[in-house]
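Heads up: the structure comes next, in structure tokens.
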Amino acid sequence: MTEKRGTRGSRGAGGRRGAAPTAEPKALAAKALAERRVGLLREMLRIRRFEERCVELYSAAKIRGFMHLYIGEEAVAVGVMRALTQDDNVVTTYREHGHALARGMPAESIMAEMYGRVTGCSKGRGGSMHLFDAGLRFYGGNAIVGGGLPLAVGLALADRMRGEERVTACFFGDGAVAEGEFHECVNLAALWGLPILFACENNRYAMGTALERAHAETDLALRASSYGLVSWAVDGMDVLAVEKAAARAAEAVRWGGGPHFLELRTYRYRAHSMYDPDRYRDKAEIERWKEHDPIDALSGRLRGEGHLTDDDLAAIEKEIAEEIDRAVEAADAGDLEPVADLTRFVYSPRPSAKPAARRS
Amino acid sequence: MTEKRGTRGSRGAGGRRGAAPTAEPKALAAKALAERRVGLLREMLRIRRFEERCVELYSAAKIRGFMHLYIGEEAVAVGVMRALTQDDNVVTTYREHGHALARGMPAESIMAEMYGRVTGCSKGRGGSMHLFDAGLRFYGGNAIVGGGLPLAVGLALADRMRGEERVTACFFGDGAVAEGEFHECVNLAALWGLPILFACENNRYAMGTALERAHAETDLALRASSYGLVSWAVDGMDVLAVEKAAARAAEAVRWGGGPHFLELRTYRYRAHSMYDPDRYRDKAEIERWKEHDPIDALSGRLRGEGHLTDDDLAAIEKEIAEEIDRAVEAADAGDLEPVADLTRFVYSPRPSAKPAARRS
Amino acid sequence: MKTAVKSEQITYREAMREAIREALHRDDRVFLMGEDVGRYGGCFAVSLGLLEEFGPERIRDTPLSESAFVGAGIGAALAGMRPIVEIMTVNFSLLALDQILNNAATILHMSGGQFNVPLVIRMTTGAGRQLAAQHSHSLEGWYAHIPGLRIVAPATLDDARGMLWTAIEDPDPVLIFEHGTLYNMPGELSGPGPVDIDHAAIRRPGSDVTLVTYGGMLHKTLAAAGQLAETGVDAEVVDLRTLRPLDDKAIMESVRRTHRAVVVDEAWRSGGISAEVSARITEQAFFDLDAPVGRVCGAEVPTPYAKHLEEAAIPQPADIVAAVRRAVDGDA
Amino acid sequence: MKTAVKSEQITYREAMREAIREALHRDDRVFLMGEDVGRYGGCFAVSLGLLEEFGPERIRDTPLSESAFVGAGIGAALAGMRPIVEIMTVNFSLLALDQILNNAATILHMSGGQFNVPLVIRMTTGAGRQLAAQHSHSLEGWYAHIPGLRIVAPATLDDARGMLWTAIEDPDPVLIFEHGTLYNMPGELSGPGPVDIDHAAIRRPGSDVTLVTYGGMLHKTLAAAGQLAETGVDAEVVDLRTLRPLDDKAIMESVRRTHRAVVVDEAWRSGGISAEVSARITEQAFFDLDAPVGRVCGAEVPTPYAKHLEEAAIPQPADIVAAVRRAVDGDA
Ligand SMILES: Cc1ncc(C[n+]2csc(CCOP(=O)(O)OP(=O)(O)O)c2C)c(N)n1
Ligand SMILES: Cc1ncc(C[n+]2csc(CCOP(=O)(O)OP(=O)(O)O)c2C)c(N)n1
Ligand SMILES: [Mg+2]
Ligand SMILES: [Mg+2]
């Protein structure tokens, strides 16, 4: 079940700052904190509702191809993204609707992409598995397992060489840890001390292959630490734990602490993709994990603390539903790329033809 | 310098057998042991002299292409091969003259191969980097760094599936540990408990790249242990230590103990290949390692114990020189494969044309 | 053991599954290895039920480690086993290409004939399911560049059922490419047993033009031939079946009869198998040609997701018809 | 900064080195990354001395991790750097092919044009040095199958010196293939600066037959043309220079003048770039041809070590002469 191991390693820098706050700022801070947490809840709910709508739209054949849902894992994307600045880089996988939303990509742009419209974030060329957004430094959904890791190493290398204080967050699954590219990239990042936050979403399955049937050592945080980088296992069903660990790790990475590895222990409630009949696991196992649902847990806590009412929640749900409705409408109305433009973006216009033909 | 770390892990099974031997058998056993050690010395010398001759022959343009010498590392091949039976499998790299000789491949067959003769072990098609010998279960010199590892996994898998009590020994360098294939293979072997002896020849350099410039964690035995397999660091300049560790490991592997990893700490005295100007390391470093020469060390010890005289050594040298002379003569006299047979061995004769054309 | 009997309706997927079952029953050196071939039932359900029948040793799930498990297949083949390695999709096979080219295709020669690699690798290929640029390539023709490999592409149920048998008996590595759009294709089998993999097959005889194709494109080409027949053009359709080595004789015999040829291939045009077929026709039947050899190929673009773009990126019957018209009408 | 001046004798290796130096001086986004490019001085000594001049950040030694460091080059390019990644030998590039095909060649399209990959990858290619089957392939023509990549093969000193500049300015990935036998080739440079990489070049004008080639084979082809001249056959030699995209216009113009073509390529024949050139000539200049397009290619065999076998496995001037004779004498 959800492993309740806390974050390991050094304490964050927060506790060391300044004198004890007075009572009033304390109350203010508590309010700000509660609002912040409601914000986290809102983001998780937004992802879940978006994904639920995707299921309907897939059944209605509006969305096609492979589609991988994030339901159950929302705390990971929301917690980690919260720890990043807009100037940081994100590299991710085919299971990236949640990352895209949490990063701030408009639902419209994602939905239109899955509808294959030119108004989609990747102009309809990518679909569900290949969301990109240059403005958000969102370097894509990569559908080769492990394939995004070397890109992250390169992005981080560029930043290091230019002296930029930027973190590259790279998401990948437990399955990806078995790929050679994982090994090469973690070694390279550790060897060169690159500013990367490795965010391993351990949802215990790679398609139908359970963790213990893929890895001789199933403690992935422990395995990663063997490369000589800082590595923590985090309860990926607890958005606050994720946020805290990610914030510490990102801060350390940003200030030159070298790559950090977070194993975010989570679970996907739905099948691997819409193609997957989900034969390989016990339904009871899924139910047990649902008892630790990240959204229920946080909303329960916020209610208990008096920071969230039924009305608040209804308002949030309404806002989200409206956003998604708008996204679906816009996607439906979106234009298609003209077929004549099929081979655009295979090669770019050359910068100039000027040096040409001087010698050959 | 040579790290004098002993083998780690469980004691071998030897100590547990039978009652204390009486005095006479003890003397006999000591004699047998000494002879055995002289045998190890002889094998190491044979490799060194062979390699020295190769240098001459390369300068004389009799041998061409890439050639990688084993001088300085002899204790590794000799010690590990001694721990194997003739029924075990060997997979190795382009730096494999020593492995081939220690495995029992005739010097003639290797030399003829490097002369490009059809009398060579690979019929002149392989050269220095691709020695193969089916009779000795010697599955080749592989010149893709890390490329032999998956083959070893497959050989061991076949044995496991058929219930054979066979060990597959796989040699590779420190450089190979950085390749993704290393990671995938060690994980797979550990996950499936395959009978593999991973023999990592850590000679501290991958071409011109020193260990610490290639690996974030330079303790390779420690790194390997993170996959959950038994892993020992061994003084690879001490043939007795290598033999002992390899024997224990091979025995454990053979009886179902799963894969074992030996990091054999050694050094190459010569440049990476005949192309290498050896600019990247300090000559003094080489000299320091030579003080721990495996041949000098063992011959010194045997002399000190009265098991080896100058005459013995001279006789051994003479035998070896004669063997190598014969190998060179035979190689010189060997035939060339007719050019008409160039494309032999691209495809095999099909077993039968019988099922053909029934349906298509 | 259930075997398919004549006149029973079956899909391409089931035919392939039967072929694997049959191989596992026939020869205990055979085993199936790959990602999710066991518990999951195969990413395209080809191996569904085999784990239950043959157990986890012979239906062997692997971690996500393409290079290692393909290489392990090579090693097991060296040791005398008869592994069938499944790679989910052709794009992922790039991760194992070092093992395939530098080892599987090479060891027999490099060892002077000492070591065979009787390995079968199966993978899904092709576009048409809106899977976008990292799941839709057609690289089988590209693989056909590599000496030491045999490349087959079953386009019919009988070939799906029969090619594996012959492939497993081959002492050298055979790669089987299964087009993803074919798995649900229903039909009847003419019976179990091996089929010849040395020869191309004429799937539709005709006299006006030779259409050379294979795999997923066979069915579009047959559709195009049907349309052409209505306009009075009688096209012969040659299914290459094996892309390496090519059956030159079958191709040339057809071209010598029809004097015109169009090659249809879903892969990118430049440097695809269509170029090789065209070059060989030019070399071997130049003076029999009444028109230049035409090619209908995939657009040179990473496969886009959007349906209309994907359709435009791969050959459609209308494109084939148009190319044939050019070959027929463009006579000198 | 020393720059090569006219009429100074220099080798291909030095020309390449100067090109890299120049790029590093000109643009601080440029860096060189690969195995042993620094301390060792480059496996073929191309980058010798650059570490001392530019330091370890910009002359960056990597571990043996082809997929990671090629992919890191892609990532750094995405971030706006201008990496030059060196892969020691084309065979090892297979380990990075997933990154090259599935990412470098694909991301621009897959992202709807948002992300360019201005990456240069250099590698050694080709046989002729008795390095046997895992170090001698010629896969540049094979790479030319992949849309999104630009493939260049400098065969002359000027191209070794000038192509890198143009490649670095290209917003898309460019692969530079350097034939291993050329590094020691001496000659003179016509000067520094970029060269056009869009066009093929006529290296020897002639009127009887067009010989299409590139890279290491250029020099054997020129030698063959010299021998042919003595027997009264005036061959035109076209150096493709860029294998993707091909300069169809230059090829067809030449063929329309000579009416005969032979393609010379060291790579395996089936599915090589020679097939593509042949197919295009057939498509675009069929009615100008007096003879079928000929091909002189490498034997379809993993390159053997033994000198006589290796020589027999790759095209020699005598083979080219013989193929031209067939094209010229075999007239209908
Ligand atoms: C290299 C490669 N091999 C196989 C696949 C097919 N595949 C897609 S997702 C997946 C499972 C990945 O599992 P994991 O890394 O744990 O991520 P998750 O899907 O659980 O988020 C597989 C096998 C692929 N896309 N790429
Ligand atoms: C995949 C691959 N990359 C690069 C090379 C070139 N190369 C040959 S040997 C070598 C160094 C290997 O070092 P190590 O594994 O330590 O073995 P050693 O040579 O020291 O015995 C390199 C880089 C290669 N043969 N294969
Ligand atoms: Mg997972
Ligand atoms: Mg080494």
Side-chain angles (χ1 to χ4, degrees), chain A residues 89 91 113 118 120-126 130-135 139-144 146-162 168 180-181 183-185 187-189 191-192 337 343-360, chain D residues 29 31 33 57-58 60 62-81 83 95 98-99 102-103 105 107-116 147-148 150 156 158-159 162 165-166 169-172 190-191 193-201 239 241 245:
Chain A
N89 296 322
V91 177
E113 184 59 32
V118 70
C121 59
S122 307
K123 294 203 164 42
R125 284 171 167 79
H130 304 300
L131 307 175
F132 286 82
D133 192 326
Y139 288 89
N142 204 300
I144 304 297
L149 284 153
L151 304 184
V153 170
L155 289 164
L157 174 61
D159 289 329
R160 234 279 302 271
M161 291 181 74
R162 292 182 299 211
T168 295
E181 280 180 342
H183 168 77
E184 296 186 358
C185 289
N187 180 51
L188 213 53
L191 181 69
W192 291 349
E337 178 86 289
T343 56
R344 261 183 90 191
F345 311 131
V346 180
Y347 295 98
S348 314
R350 307 286 287 284
S352 72
K354 73 168 159 29
R358 216 183 54 69
R359 293 175 295 135
S360 59
Chain D
R29 297 169 306 171
F31 64 102
M33 168 162 70
E57 283 283 308
R58 297 186 72 197
R60 185 169 281 272
T62 67
L64 276 146
S65 303
E66 282 79 2
S67 194
F69 72 75
V70 170
I74 300 169
L78 286 171
M81 300 294 280
L95 288 161
D98 161 56
Q99 286 297 320
N102 287 322
N103 283 342
I107 284 177
L108 176 65
H109 189 262
M110 204 160 68
S111 68
Q114 291 181 78
F115 291 105
N116 278 103
R150 178 179 288 267
T156 66
D158 279 340
D159 278 352
W165 183 316
T166 327
E169 289 185 343
D170 200 297
D172 302 318
S190 33
V195 298
D196 145 62
I197 57 172
D198 291 322
H199 298 100
D239 175 4
R241 302 180 66 246

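Because only heavy atoms are used, hydrogens play no part in the values below, and waters and symmetry mates are left out as well, while side chains stay in. Below, read A as the first sequence line, B as the second, and so on, with proteins coming before strands; counting in each chain starts at 1. Bear in mind that the values here come from a model prediction, so they are computed numbers and not experimental data.
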Under the side chain to side chain contact (heavy atoms under 4.5 Å, CB included) rule, what do Q99(D) and L151(A) come out as? Steps first, then yes or no, please. CA-CA 9 Å; Q99(D) 286 297 320; L151(A) 304 184; 4.0 Å; yes
Could you check whether any side-chain N or O of Q114(D) sits under 3.5 Å from a backbone N or O of F132(A), counting only pairs where one atom can act as donor and the other as acceptor? yes
Under 4.5 Å heavy-atom distance to chain A, tell me which part of R29(D) shows up: side chain, backbone, both or neither. neither
Side chain, backbone, both or neither of L188(A) within contact of chain D (heavy atoms, under 4.5 Å): side chain
Mind listing the closest non-hydrogen atom pair of V346(A) and P147(D) along with its distance? CG1-CB, 3.9 Å
For N187(A), is it the side chain, the backbone, both or neither that has a heavy atom under 4.5 Å from a heavy atom of chain D? side chain
Please step through side chain to side chain contact (heavy atoms under 4.5 Å, CB included) for the pair L157(A) and M81(D), ending with a clear verdict. CA-CA 10 Å; L157(A) 174 61; M81(D) 300 294 280; over 6 Å; no
Mind ranking L64(D), I74(D), L78(D) by heavy-atom pairs under 4.5 Å with chain A and telling me who comes out on top? L78(D)
Kindly compute the distance separating OG (S111(D)) from CG (L131(A)), expressed to the nearest 0.5 Å. 11.5 Å
Using a 3.5 Å distance criterion without hydrogens, assess whether the side chain of N103(D) forms a donor-acceptor pair with backbone atoms of G147(A). yes
Would you mind telling me which of V153(A), N142(A), I144(A), V91(A) has the largest number of heavy-atom pairs within less than 4.5 Å of chain D? I144(A)
I'd like to know which of E181(A), K123(A), R160(A) tops the heavy-atom pair count under 4.5 Å against chain D. E181(A)
Heavy-atom closest contact (Y347(A) atom, R150(D) atom, distance): CE2-N, 4.3 Å
Who among A76(D), G113(D), S67(D), G75(D) has the most heavy-atom pairs with chain A under 4.5 Å? G75(D)
List the residues meeting salt bridge (Lys or Arg N to Asp or Glu O under 4.0 Å) with D159(A), not counting sequence neighbours, and say none if there are none. R162(A), R166(A)
Check against side chain to side chain contact (heavy atoms under 4.5 Å, CB included), Y139(A) and I107(D): CA-CA 9 Å; Y139(A) 288 89; I107(D) 284 177; over 6 Å; no
With only heavy atoms counted, which part of L149(A) is less than 4.5 Å from chain D, the side chain, the backbone, both or neither? neither
Closest heavy-atom pair, S348(A) versus L108(D), reported as atoms and distance to 0.1 Å, is OG-CD2, 3.4 Å
Tell me the closest heavy-atom pair linking H109(D) and R344(A), and the distance in Å. CD2-O, 3.1 Å
